[in-house]
Amino acid sequence: MRSLRKTLLLAVLVSVVLVLALLHSWPTRGYSTVDVWQRRGPLLQERNLEDKLTESDHQLSSIPIRVRESVASLLARNSCVCEGDSGGLNLPFSQLLFPRVSAHPLHTAFRPSELEELKRRRAQEYQSFQRRSQTPADVLIIAEANSPLQFPTQGLEVRPLKTIIIPGLALHDGPRDHYTVNFTAALGTLNVAAEVEGVRLKGDGESHMTVTSSALNSLNRQLQFVTYTNTLFHPSTADTVQFETDRHQATFVIKIRHGTTPKLYNTGSKQEYNVSALVTIATKTFLRYDKLQDLIDSIRTYYPTVTIVIADDSEHPKSISGPFIEHYIMPFGKKPAVSQVTTKYVLWVDDDFIFTANTKLEKLVDVLERTTLDLVGGAVREATGYTATYRQTISIEPGEEEGDCLHMRRGYHHVIEGFPNCVVTDGVINFFLARTDKVQQVGFDPRLARVAHLEFFIDGLGSLHVGSCDDVIVNHATKIRLPWVSQSESDKTYAKFRYPPASSDATQTKNGLLYFKNRFQCLTRN
Ligand SMILES: *[C@@H]1O[C@H](CO)[C@@H](O)[C@H](O)[C@H]1NC(C)=O
Ligand SMILES: *[C@@H]1O[C@H](CO)[C@@H](O)[C@H](O)[C@H]1NC(C)=O
C-alpha cells in the first residue's frame, strides 16, 4: 500500500517536471526560424541526376512537354548577370526616397593585363575549395522503384575509426532456392555483431561481405546485426556503401565525423542577465581618441564593470587606461580578430557611438539566449534624431566561369516570434551583439580593416544566423558636417581612410577581395 502511494507520488512528480520542462522549452522552439543556407554552385548532384534521367528515360524524351515559365524561372540557371535599375530622376535625396538598384562589375579592380592570370588562379583555388568542402554525402542518391532491398537512406553516422550497427536492412523477395546479398564499402569494413544459424558469411571483417541463406527469415535476422567499422581515418567525410542482390542495387551514405565539441560558458545562475559576466564590448579606434573617451564614459554610466577591449591601429597610439579596459596596439592598418574576448558574447561598436538609457544590452542578450540567432544588431540614432537599423539581405546567384553574382538589398526576411521589435536578416549595422565563438569562426578580414563591414556578413552567410532589433539604440556622435564648424585635423585624416571615394585604392582592395576571395563577378545593391 505504502509503496503504491510512493509510486503514485513519484509518477505525479515526474509528470509535473515533464510538463514544466515542456513549457520551459516551448517558446524557444517557437523561435527557431528560417535559415539562410545558400545553394552551393553547380554540384555533382545535378550532373548525376541528369545522367540518370537521360540514361534511363530515352523513350520518355519523345513525349512533348510544356514548360511552366512561372515555376521554371525560379530554378537556378547557373549563369547570373548583375543588372541595375535604369533611368529615373537624378535629384538630390532621390536615392533616399526611391532607392534604386545599382550594379557594379568587380573585375575592374585589376588591370586588364593581369586579369587573365588572376582568373586562372581563382578558378584553381575554387576547384580545390570545392573538393575540400564537398563529401560523397552531397551526392543525390535515388532509390530505384520496386527494389526488394530495404535500407537506410539518410542519417547514418559513425565517429572516425568506430563501429556502428547499420539499422533497417532487409530483403523482401519471393520464394527462391537461396538468397544472397552483398555489401561493399570504401573507407571501412563490414561484419556482423551476431551470427544466425543457417546463414553463410563471406568476407566478414573486409570491405566486401556476402551474406547467403536458403531461408529468407534467417537472412533478414542476420541483416539486423550487420556492422560498419570505419578504418580509414578522416575527421569529416562520408562512406558510400553498396548493398546489392541479384539485379538490384542500392547505395547509402554513412557520415564519418566527430561529434561537434561544444563550447559552453559558465555564466552563473540566471535570475537577471549579468551583462558584465556575459558581454565584452569590443571597438577599434584609429586616431579618434576624443570620440573614444566619450564612448567609454557613456558605457561606464550604464555598465561600470563591463570589460572594454580596444584595438588601436593608429600610427602613433596614445595610451588609454582605466578599470576593465584592455587596450591593444595593433600594427598600422591591422585589427585583431576578437581573440581577446573570453565572455560568451561580444558587443561590437564603432568608436564614435554613445551609450544612452536606450542602449539596453540586456535586451540583446535576451534575444540571443532565447533564440537560435548568432548575432543581433541594434539601431543607431543620428544627431538629427533619424534612427536606422541598416538591415541588409544578401543572396548569391550561381554564375559560370566569370564567378557568382552578389545581391544586397535593404530589408529583412521575417519578424521573430515573441520579439515584435526584432527581425531575421543577413547583415546589420556596426552595432551588434554576437556569440563570440561564431564571430571568431567567421573572422574579420584584416585587409578590410577600415573600408568595409558588410564583407563580414558576406563571409558569414550560411553560417551566421543574423537578427536585428530596433528597440536597442545607440547614439551616433554627429557625422553631419556643419559648414561653420571646422573639422579637427584628426577627423580629416580619419575621413580619408573611412570614406574612400569609389575610385580609391581602398574600394579597389574591397572589390578585388570580392572578386578573388569570394569568387564574385559583380554585385548589385540598393
Ligand atoms: C556478391 O559478390 C560476390 C563476390 O564478389 C559475387 O561473386 C556475386 O556475384 C555477388 N552477388 C550479388 C547478388 O551481387
Ligand atoms: C556580475 O559579473 C561580474 C563579473 O563576472 C561579477 O564581478 C559581479 O559580481 C556579478 N554581479 C552580480 C550581481 O552577480
*Could you tell me whether a side-chain N or O of Thr425 sits under 3.5 Å from a main-chain N or O of Gln392, the two making a donor and an acceptor?*
yes
*Quick check: does any side chain N or O of Arg300 sit under 3.5 Å from a backbone N or O of Val306, one acting as donor and the other as acceptor?*
yes
*Does Leu433 reach the side chain of Leu347, with side-chain heavy atoms less than 4.5 Å apart?*
yes
*Which pairs count as disulfide (SG to SG under 2.5 Å) when at least one residue sits in residues 379-442, sequence neighbours excluded?*
Cys80-Cys405, Cys422-Cys469
*Side chains of Val101 and Arg409: does their closest heavy-atom pair fall under 4.5 Å?*
yes
*Can you check whether His104 reaches Arg525 side chain to side chain, under 4.5 Å on heavy atoms?*
yes
*Would you call Met408 and Ile458 a side-chain contact if the rule is heavy atoms closer than 4.5 Å?*
yes
*Is atom OH of Tyr412 surrounded by more than 12 heavy atoms (other residues, nucleotides or ligands) closer than 6.0 Å?*
no
*Side chains of Phe419 and Val376: does their closest heavy-atom pair fall under 4.5 Å?*
no
_Treating Gln150 as the side-chain partner and Gly168 as the backbone partner, does any N or O pair qualify as donor plus acceptor under 3.5 Å?_
yes
*Using atom types as modelled and distance alone, determine if a side-chain donor or acceptor of Thr389 lies under 3.5 Å from a backbone N or O of Asp470.*
no
_Check this for me: does any side-chain nitrogen of one of Asp459 and Lys517 sit under 4.0 Å from a carboxylate oxygen of the other?_
yes
*Strictly by modelled atom types, are Gln293 and Asp297 linked by a side-chain donor-acceptor pair under 3.5 Å?*
yes
_Can you confirm whether more than 12 heavy atoms, excluding those of Lys255, are under 6.0 Å from its NZ atom?_
no
*Do Val380 and Val474 have side-chain heavy atoms sitting under 4.5 Å apart?*
yes
*Using atom types as modelled and distance alone, determine if a side-chain donor or acceptor of Asn230 lies under 3.5 Å from a backbone N or O of Lys162.*
no
*Give the minimum heavy-atom separation between Val442 and Ser463, together with the two atoms involved.*
CG2-OG, 3.9 Å
*Under the ring-ring contact (aromatic ring centres under 6.0 Å, His included) test, residues paired with Tyr345 that sit two or more places apart*: none
*Quick one: are Val241 and Leu156 in side-chain contact, heavy atoms under 4.5 Å?*
no
*asked:* Quick check against the 3.5 Å criterion: does Thr436 have a side-chain atom that pairs as donor or acceptor with the backbone of Lys344?
replied: yes
*Out of curiosity, Thr356 OG1 to Asn475 CG, how far, rounded to the nearest 0.5 Å?*
5.0 Å
*For Ala103 and Glu83, which heavy atoms make the closest approach, and how far apart are they?*
CB-C, 3.9 Å
*Backbone of Gly411 reached by a side-chain donor or acceptor of Thr393 within 3.5 Å*: no
_Check this for me: does any side-chain nitrogen of one of Arg435 and Asp374 sit under 4.0 Å from a carboxylate oxygen of the other?_
yes
*Roughly how far, to the nearest 0.5 Å, is the CG atom of Leu364 from the CD atom of Glu369?*
12.0 Å
_Closest non-hydrogen atom pair, Phe355 against Ser298_ = N-OG, 2.8 Å
*Taking the six-membered ring for Trp, are His476 and Phe353 parallel (under 30°), tilted (30 to 60°) or perpendicular (over 60°)?*
perpendicular
*Using modelled atom types only, decide if a donor and an acceptor are shared between the side chain of Asp404 and the backbone of Gly399 within a distance under 3.5 Å.*
yes
_Arg122 side chain vs Tyr515 backbone, donor-acceptor pair below 3.5 Å_ = yes
*Minimum heavy-atom separation for Gly467 to Leu373, with atom names?*
CA-CD1, 3.7 Å
_Once you measure the plane-to-plane angle for Phe457 and Phe432, does it fall in the parallel (<30°), tilted (30-60°) or perpendicular (>60°) bin?_
perpendicular
*Does a side chain donor of either Thr251 or Thr240 reach within less than 3.5 Å of an acceptor in the other side chain?*
no
